[in-house]
Amino acid sequence: MISYRLLDELANIQSNLSKKVIRKNYLDEVNTVAGVDVSFSVNNFAVSAAVIVDFNDLKIIEKKTEITNLFFPYISGFLGFREADAIISVIKKLKNNFDVLVVDGNGILHPRRFGLASHVGVLLDIPSIGVAKKLIRGAKVKNNKIFYQGEVLGVKVGDVYVSVGHKVSLKTCEQIISKLIRYKVPEPVRLAHILATNTAKNLKVKKRNIYI
DNA sequence: GCGACAG
DNA sequence: ATCTTGTCGC
């Protein structure tokens, strides 16, 4: 079980690490973009997937999957402690380099400015962008700007909510995500989602066969 | 007790 | 996130 005492400590860790987040561009030209997503299998396994695409034609350059243990439940505001490890593990399996990472979840659009995308970005010290499918509670959208706790912390692009993860300006986040959208979710993340979901599904089938 | 929650 | 069939439409 997770105690409020522990959540307090983890919230402090987030607050401290959020000071490392850089909201400006620390990247050169963008030629390749990686997308990651995590799916969940039977009980305590997480299946993560990473897909690198060419920024110009959105064609797949490389894809990888990884299976890791889950050691933390889903608690809104603490997604990084549940999924960051799985994401970092699969990124480390990639052979190719990429210029920026797109993560399924918020960046600094977060109670303590340290959502999943920032969590992964800071730990790996790479440019990252957060893309959420649902607006975090308490935020409001006006003219596609996302207002949260008195600050503009994101931008709505199509149907998704974009925020700075690390080492990318909000303006650049907006430009990059705009170019990556074919359907609702930006291509590399959508492809990673499909890959992770299918891989998790196959795992379940295999596990089931043992008992037949 | 009820509804809501970034995934 | 996940549990789940058919069905509408290109």
Side-chain angles (χ1 to χ4, degrees), chain A residues 2 4 7 10-11 13-15 17-18 21 35-50 65-91 101-123 128-141 146-149 151-166 170 173 177 182-186 188-208:
Chain A
I2 304 297
Y4 288 105
L7 281 187
L10 296 180
I13 290 173
Q14 290 178 325
S15 299
L17 286 176
S18 74
V21 172
V36 286
D37 192 34
V38 183
S39 184
F40 301 93
S41 189
V42 186
N43 282 333
N44 289 348
F45 290 112
V47 177
S48 48
T65 61
E66 174 69 301
I67 299 170
T68 52
N69 286 311
L70 270 184
F71 53 90
F72 202 85
Y74 172 70
I75 301 173
S76 181
F78 299 86
L79 186 58
F81 296 104
R82 178 172 172 81
E83 298 194 359
D85 177 65
I87 290 173
I88 289 169
S89 297
V90 76
I91 286 176
L101 176 70
V102 184
V103 179
D104 190 355
N106 288 315
I108 61 173
L109 177 56
H110 179 275
R112 292 163 294 280
R113 310 296 183 268
F114 202 66
L116 178 60
S118 298
H119 199 127
V120 173
V122 166
L123 291 194
S128 67
I129 300 173
V131 174
K133 296 182 290 296
K134 290 190 298 189
L135 187 59
I136 188 170
R137 210 167 74 94
K140 293 279 177 284
V141 178
I146 303 173
F147 291 80
Y148 185 64
Q149 298 175 337
E151 250 186 299
V152 174
L153 289 175
V155 58
K156 187 174 187 189
V157 179
D159 289 329
V160 296
Y161 306 93
V162 178
S163 58
V164 172
H166 187 46
L170 183 56
C173 286
I177 297 302
R182 280 224 292 238
Y183 304 98
K184 173 175 174 172
V185 175
V189 173
R190 189 181 72 87
L191 296 170
H193 177 75
I194 294 170
L195 181 55
T197 305
N198 287 339
T199 305
K201 202 168 289 178
N202 287 334
L203 267 187
K204 288 174 191 170
V205 170
K206 280 177 190 168
K207 279 183 178 293
R208 219 172 262 163

Legend entry - Atom pair distance, as rounded to whole Å: CG in L79(A) and C1' in dC5(B): 11 Å
Legend entry - Atom-to-atom span, CG of L203(A) to P of dA1(C) - whole angstrom: 17 Å
Inset, instruction - Select base, sugar-phosphate, or nothing to describe what D104(A) touches, counting heavy atoms under 4.0 Å on all strands. - result: sugar-phosphate
Legend entry - R137(A) to Y148(A), cation-pi by 6.0 Å centre distance and 45° axis angle: no
Legend entry - Heavy-atom side-chain contact between V155(A) and I146(A) under 4.5 Å: no
Inset, instruction - Quick one: sort the H119(A) and F81(A) rings into parallel, tilted or perpendicular, breaks at 30° and 60°. - result: perpendicular
Inset, instruction - With heavy atoms under 4.0 Å as the rule, sort I136(A) into base, sugar-phosphate or nothing. - result: sugar-phosphate
Legend entry - Given dC5(B), dG7(B), dA1(C), the nucleotide with the shortest approach to the side chain of S39(A): dA1(C)
Inset, instruction - Please report the shortest heavy-atom distance between S39(A) and T197(A), naming the atom on each side. - result: OG-CA, 3.7 Å
Legend entry - dG7(B) phosphate, OP1 or OP2, under 4.0 Å from K133(A) side-chain N/O: yes
Inset, instruction - Whole angstrom is fine here: how far is it from NE2 in H119(A) over to P in dA6(B)? - result: 18 Å
Legend entry - Centroid under 5.5 Å and tilt under 30°, Y74(A) to dG7(B): yes
Legend entry - Exercise: identify the closest heavy-atom pair between I88(A) and V120(A): CG1-CG1, 4.3 Å
Inset, instruction - Using atom CG of N198(A) as one end and atom C1' of dT2(C) as the other, report the distance to the nearest whole Å. - result: 15 Å
Inset, instruction - Would you mind classifying the nucleic acid contact of F78(A) as base, sugar-phosphate or nothing, using non-hydrogen atoms under 4.0 angstrom? - result: base
Legend entry - Distance in angstrom units between L135(A) CG and dG7(B) P, rounded: 10 Å
Inset, instruction - Determine the interatomic distance between P on dG6(C) and the same-named atom on dG1(B); round to the nearest Å. - result: 38 Å
Legend entry - d(CG, D37(A); P, dG7(B)) in whole Å: 10 Å
Inset, instruction - Quick one: label G130(A) by what it contacts on the DNA or RNA (base, sugar-phosphate, nothing), any heavy atom closer than 4.0 Å. - result: nothing
Inset, instruction - In whole angstrom, give the distance that lies between atom CZ of F81(A) and atom P of dG7(B). - result: 18 Å
Legend entry - Gap between atoms CG and P, on L70(A) and dT2(C) respectively (whole Å): 11 Å
Inset, instruction - Describe the nucleic acid contact of I75(A) in one word from base, sugar-phosphate, nothing, applying a heavy-atom distance below 4.0 Å. - result: nothing
